[in-house]
Student: 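Handing you a structure now.
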Amino acid sequence: MTLAELLRGSVHEVAAGLVGWTLLVDGVGGRIVEVEAYAEDDPASHAYRGATLRNASMFGPPGHLYVYRSYGIHWCANVVCERPGRGAGVLLRALEPTHGLERMRARRGVVDDRLLCSGPGRLTQALGLSGADDGADLSRSPFALRPPPTPSVVERTPRIGISRAVEQPWRYVEAGSSWPSRRRRAA
DNA sequence: CTTTCGATGATCT
DNA sequence: GATCATCGAAAGG
């Protein structure tokens, strides 16, 4: 399965399918263990009310990044999905760090590796992503997105940190992973 | 352990 | 003026 093939599916297929893939930026990164789908016609999506200056990348080519500033402080990154005339994407919420640990520790300023990439804001800081990467093509250097040898087992839960469409189970987490963010209590 | 709250700025109403 | 796809420090049990 190539990235281009995966991106032909629905936003939810892309989200579930991306779990287990390895994301690297300039050789630094890890395995994707937690994502959230933001579909077309999704009240919680930044693209719900149409294209704006901020969300323009969500309406651009699939396989590119949509990076936005969160709460005025953090950066969050999405993989843009193909939805003609509409915007959709998959929010990267957590990685299992596998490459360039020292580089990520230095960027994050933490000693506990569990806090390196376990959250959308932490992940972008560890990988050095910012608004400058908004719209960037994930299939080109310095980015790399590689599939796992075998597909991951994925669980669905409600999304985190939103106030609309809160009941939709559109958060996709690798089963048994100890690396996801920890904002929601156990069901 | 859990819950609360401040930071900080763009976007939306 | 309110909200926000967050994080981390502080306060409370």
Side-chain angles (χ1 to χ4, degrees), chain A residues 10-19 23 30 32-60 62-81 83 86-97 104-136 138 154-174 177-187:
Chain A
S10 71
V11 176
H12 297 289
E13 289 170 332
V14 174
L18 275 176
V19 173
L23 170 65
I32 298 171
V33 298
E34 176 185 356
V35 299
E36 286 177 357
Y38 286 88
E40 63 274 27
D41 287 336
D42 177 357
S45 172
H46 288 173
Y48 184 59
R49 296 167 202 280
T52 66
L53 192 57
R54 172 177 69 162
N55 67 21
S57 294
M58 290 188 83
F59 294 81
H64 288 227
L65 281 173
Y66 163 49
V67 183
Y68 70 95
R69 203 189 269 286
S70 174
Y71 288 88
I73 302 173
H74 310 287
W75 296 104
C76 294
N78 294 249
V79 176
V80 174
C81 296
R83 290 291 162 267
R86 310 228 170 176
V90 173
L91 172 67
L92 301 172
R93 287 201 56 93
L95 305 181
E96 173 185 336
M104 292 195 279
R105 292 184 188 115
R107 285 174 175 150
R108 291 277 298 120
V110 298
V111 292
D112 187 346
D113 285 349
R114 289 173 301 184
L115 298 178
L116 275 185
C117 303
S118 59
R122 293 167 177 163
L123 175 163
T124 55
Q125 186 179 31
L127 270 53
L129 294 173
S130 74
D133 300 293
D134 184 37
L138 285 169
V154 181
E155 296 173 345
R156 284 160 44 115
T157 80
R159 294 177 290 185
I160 291 175
I162 59 174
S163 61
R164 315 175 65 152
V166 293
E167 72 285 358
Q168 300 292 353
W170 292 345
R171 172 174 177 254
Y172 296 82
V173 188
E174 182 174 64
S177 175
S178 56
W179 296 99
S181 63
R182 298 280 185 188
R183 295 278 229 114
R184 180 181 284 271
R185 308 188 60 172

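Each chain gets a letter, A, B and so on, in the order the sequences are listed, and its residues count up from 1.
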Student: A:Glu34 CD to C:dA5 C1': how many Å, rounded?
Tutor: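 Rounded to the whole Å, the gap is 11 Å.
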
Student: Quickly work out the A:Arg114 CZ to C:dG8 P distance and round it to whole Å.
Tutor: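 Rounding to the nearest Å, CZ of A:Arg114 and P of C:dG8 are 14 Å apart.
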
Student: Quick check: does any side chain N or O of A:Asp134 sit under 3.5 Å from a backbone N or O of A:Gly131, one acting as donor and the other as acceptor?
Tutor: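 Such a contact is absent between A:Asp134 side chain and A:Gly131 backbone.
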
Student: Nearest 0.5 Å, please: how far is CD in A:Glu13 from SG in A:Cys81?
Tutor: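 One gets 10.5 Å once the value is rounded to the nearest 0.5 Å.
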
Student: Considering all heavy atoms of both residues, which atom of A:Val35 and which atom of A:Ala15 are nearest to each other, and what is their separation?
Tutor: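 In terms of heavy atoms, the two residues are closest at CG2-O, 3.3 Å.
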
Student: Rounded to whole angstrom units, what separation is found between the NE2 atom of A:His74 and the P atom of C:dG8?
Tutor: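 Interatomic distance, NE2 of A:His74 to P of C:dG8: 7 Å.
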
Student: Indicate yes or no: does A:Arg159 engage A:Glu36 in a salt bridge with an N to O separation below 4.0 Å.
Tutor: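 Looking at A:Arg159 and A:Glu36, the cut-off is not met.
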
Student: Treat a base pair as Watson-Crick or G-U wobble with both distances under 3.5 Å, then lay out DNA chain B in dot-bracket form, 5' to 3', with | for cross-strand pairs.
Tutor: |||||||.||||.

Student: Mind checking whether A:Tyr66 and A:His46 have parallel, tilted or perpendicular rings, split at 30° and 60°?
Tutor: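 Perpendicular: the ring planes of A:Tyr66 and A:His46 meet at over 60°.
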
Student: Starting from P on C:dC7, measure out to CG on A:Asp112 and report it in whole angstrom.
Tutor: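 For the pair A:Asp112 CG and C:dC7 P, the rounded distance is 15 Å.
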
Student: If stacking means aromatic ring centre less than 5.5 angstrom from the base's six-membered ring centre, planes under 30°, is A:Tyr38 stacked on C:dA5?
Tutor: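 Taking the rule of under 5.5 Å and under 30°, the ring of A:Tyr38 does stack on C:dA5.
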
Student: Using a 4.0 Å heavy-atom cut-off, does A:Ile162 contact any base of the nucleic acid, only the sugar-phosphate backbone, or nothing at all?
Tutor: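 Counting heavy atoms under 4.0 Å across all strands, the contact made by A:Ile162 is with sugar-phosphate only.
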
Student: For residues A:Met58 and A:Val80, report the shortest heavy-atom separation together with the two atoms involved.
Tutor: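 Here A:Met58 and A:Val80 meet closest at O-CG1, 3.8 Å.
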
Student: Summarise how protein sits on nucleotides 8-13 of chain B as a single string, 5' to 3': B when a protein heavy atom is under 4.0 Å from the base, S for sugar-phosphate-only contact, - for no contact.
Tutor: BB-SSS

Student: List in chain and number order the residues that pass side chain to side chain contact (heavy atoms under 4.5 Å, CB included) with A:Asp41, two or more places apart in sequence or in another chain; answer none if no residue qualifies.
Tutor: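 A:Asp41: side chain to side chain contact (heavy atoms under 4.5 Å, CB included) contacts with A:Arg86.
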
Student: On DNA chain C, compare the nucleotides closest to A:Gln125 and A:Ser163; which residue's is nearer the 5' end?
Tutor: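 Closer to the 5' end of DNA chain C: A:Ser163.
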
Student: Rounded to the nearest 0.5 Å, how far does CD of A:Glu155 lie from CD of A:Glu34?
Tutor: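 Atom-to-atom, A:Glu34:CD and A:Glu155:CD are 11.5 Å apart.
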
Student: In whole angstrom, what separates A:Met58's CE from C:dA5's P?
Tutor: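 My rounded result for the distance is 11 Å.
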
Student: Let me spell it out: for each of A:Gly89 and A:Arg122, pick the nucleotide of DNA chain C with the closest heavy atom. Which residue's pick is nearer the 5' end?
Tutor: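 The answer here is A:Gly89.
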
Student: How long is the span from the CG atom in A:Leu92 to the OG1 atom in A:Thr124, to the nearest 0.5 Å?
Tutor: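 Here the interatomic distance stands at 9.5 Å.
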
